[in-house]
Amino acid sequence: MSTRIAICDYGVGNIRSVERAVIAAGAVAQLSRDPAVIAAADGLILPGVGAFGAAVDALHSAGLARSVVDYASSGRPLLGVCLGFQLLFEWSDESGGRRGLGLLPGSVIRMVPGDGRKVPHMGWNQLRMHRQHAITEGLREGAYVYFVHSYAARAEGTTVIATCDYGGDIPAVCASGNVVGTQFHPEKSGDDGLRIYANFVSACSTTAAVR
């Protein structure tokens, strides 16, 4: 049976490119805002672009914030991408300060320009690997991936898997248990980004096999 990946469709996200990446990784992509579809999936992706406050409001308005949190508690793989990654944290300073989903420890803060660096951080940057994780399996040190963001995570504990250098270490990949996220857009990051999705689908397939 094919691995089914639900892509949370709450009106704030680049979902079609994520859908294509999931299909390229060999899974069935299910764009959905139906809690029942999400609850039954082998894996869940939370995408997102735009402002934190608008995204949080959209999630709650669609009744999907609880669905995402409940899904994480099931132990099945959950992947947040870009703004979807930031939503996984406890708090963001954006939009006047808003609570996140609380699935990763830490907060999200405004990036500060300086030394020729502009905000937003937009374009290709290299990954620095800090520890091994299944989501980055097969990625080389210094792999280039594509970023577009003005806020960055201030992650706590040992959740940081990889960073990039933009006037200091910026968390690029974080994970806690079955919850993982990338600040960059894997679906816009060429073969290395597609490797992220392939690794995620592999983890979902393994989890599904033992359910």
Side-chain angles (χ1 to χ4, degrees), residues 18 21 25 43-48 52 68 72 75-94 100-207:
V18 174
L44 175 61
I45 297 175
L46 180 63
F52 191 99
V68 174
R76 284 168 287 166
L78 167 62
L79 171 65
V81 174
C82 195
L83 179 58
F85 165 64
Q86 295 182 1
L87 290 170
L88 300 177
F89 287 90
E90 297 165 304
W91 179 266
S92 175
D93 290 342
E94 192 174 3
L101 297 175
L103 299 175
L104 289 176
S107 58
V108 178
I109 61 172
R110 174 78 180 181
M111 298 175 70
V112 179
D115 296 334
R117 299 182 307 278
K118 297 180 179 180
V119 174
H121 172 208
M122 182 182 301
W124 297 87
N125 206 333
Q126 291 180 282
L127 293 179
R128 293 178 171 178
M129 302 299 181
H130 289 252
R131 63 185 179 93
Q132 293 183 332
H133 192 277
I135 198 68
T136 53
E137 183 71 28
L139 267 66
R140 68 193 185 283
E141 177 73 21
Y144 279 92
V145 291
Y146 191 80
F147 292 83
V148 182
H149 63 118
S150 299
Y151 287 76
R154 180 184 286 163
E156 297 179 5
T158 58
T159 60
V160 177
I161 305 300
T163 61
C164 70
D165 181 12
Y166 200 69
D169 277 348
I170 301 293
V173 184
C174 292
S176 178
N178 59 306
V179 178
V180 63
T182 68
Q183 179 59 74
F184 56 92
H185 285 278
E187 68 279 0
K188 296 182 179 180
S189 300
D191 290 343
D192 286 324
L194 291 179
R195 168 56 58 186
I196 294 282
Y197 282 110
N199 290 340
F200 180 70
V201 169
S202 178
C204 295
S205 299
T206 299
T207 303

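Reckoned from all heavy atoms, side chains included, excluding hydrogens, waters and symmetry mates. By convention here, the first residue in the shown sequence is residue 1.
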Task: Nearest-0.5 Å distance, CD1 of residue I135 to CG of residue L79 - done: 5.5 Å
- [ ] Mark yes or no for whether S205, through its side chain, and V201, through its backbone, hold a donor-acceptor pair below 3.5 Å.
- [x] yes
Open item on the list: To check you understand the geometry: which heavy-atom pair defines the closest contact between C164 and A172, and what is its length?
Closed with: N-CB, 4.2 Å
Open item on the list: When you measure from the side chain of S202 to the backbone of A198, do you find a donor-acceptor pair of N or O atoms at a distance under 3.5 Å?
Closed with: no
Open item on the list: Within a 6.0 Å radius of atom CD on Q132, are there more than 12 heavy atoms belonging to other residues, nucleotides or ligands?
Closed with: no
- [ ] State, yes or no, whether a side-chain contact exists between P186 and L194 at a heavy-atom distance under 4.5 Å.
- [x] no
Task: Heavy-atom pair with the smallest gap, counting every atom of P47 and I45 - done: CD-O, 3.3 Å
Task: Rounded distance [0.5 Å steps], CG in D192 versus CG in L127 - done: 8.0 Å
Open item on the list: So which atom in G43 and which in C204 form the shortest heavy-atom distance, rounded to 0.1 Å?
Closed with: CA-SG, 3.5 Å
- [ ] Taking the side chain as every heavy atom from C-beta outward, state whether V180 and P77 have any atom pair closer than 4.5 Å.
- [x] no
Task: Pairwise side-chain contact, T136 with N199, heavy-atom cut-off 4.5 Å (strictly under) - done: no
- [ ] Assess the pair F184 and F147: is the distance between their ring centroids shorter than 6.0 Å?
- [x] yes
TODO: First locate atom OG of S107, then atom CD of E94, and finally report the distance between them rounded to the nearest 0.5 Å.
DONE: 13.0 Å
Open item on the list: Pair H130, D169 - check side-chain contact (heavy atoms from CB on, under 4.5 Å), show working.
Closed with: CA-CA 11 Å; H130 289 252; D169 277 348; 3.9 Å; yes
- [ ] May I ask you to test the V145-N125 pair for a side-chain heavy-atom distance under 4.5 Å?
- [x] no
Task: Under 3.5 Å: donor-acceptor pair, side chain of Q126, backbone of G142 - done: yes
- [ ] Grab the two heavy atoms, one from V112 and one from R117, that are nearest each other, plus how far apart they are.
- [x] O-NH2, 4.2 Å
Task: Side chain to side chain, H185 and C82, heavy atoms closer than 4.5 Å - done: yes
Open item on the list: Looking at every heavy atom in both V179 and A72, which two are closest together, and how far apart are they?
Closed with: CG2-CB, 3.9 Å
TODO: Measure the shortest side-chain to side-chain distance between V148 and K188 over non-hydrogen atoms and say whether it is less than 4.5 angstrom.
DONE: no
TODO: For Y166, look at atom OH and say whether over 12 heavy atoms of other residues, nucleotides or ligands are found less than 6.0 Å away.
DONE: yes
TODO: Quick one: pull up CD1 in I161 and CG in L139 and give me the separation to the nearest 0.5 Å.
DONE: 12.5 Å
Open item on the list: Ignoring hydrogens, what is the shortest heavy-atom contact between P171 and Q183? Give both atom names and the distance.
Closed with: O-CB, 3.6 Å
TODO: Please assess L88 against L46 for the test side-chain contact (heavy atoms from CB on, under 4.5 Å), listing each intermediate value before the final yes or no.
DONE: CA-CA 9 Å; L88 300 177; L46 180 63; 4.2 Å; yes
Task: Sequence-distant partners of D165, salt bridge (Lys or Arg N to Asp or Glu O under 4.0 Å), two or more places apart - done: R128
TODO: Before giving the answer on side-chain contact (heavy atoms from CB on, under 4.5 Å), spell out for V173 and F85 the whole-Å C-alpha distance, their side-chain angles and the decisive distance to 0.1 Å.
DONE: CA-CA 9 Å; V173 184; F85 165 64; over 6 Å; no
Open item on the list: Rounded at 0.5 Å granularity, tell me how far OG in S92 sits from CD in Q86.
Closed with: 6.0 Å
Open item on the list: Measuring centre to centre across the rings, with the benzene-like ring taken for any Trp, is Y146 within less than 6.0 Å of W124?
Closed with: yes
Open item on the list: Do V160 and R131 have side chains that approach each other closer than 4.5 Å (heavy atoms only, starting at C-beta)?
Closed with: no
TODO: Show the numbers, then the answer: is there a side-chain contact (heavy atoms from CB on, under 4.5 Å) between I170 and T163?
DONE: CA-CA 5 Å; I170 301 293; T163 61; 5.7 Å; no
Task: Check: E90 side chain, G106 main-chain N or O, donor-acceptor pair, under 3.5 Å - done: yes
Task: Distance, nearest 0.5 Å, that separates CD of E141 from CE of M129 - done: 6.5 Å
Open item on the list: Within the 4.5 Å heavy-atom criterion, are Y151 and M111 side-chain neighbours or not?
Closed with: no
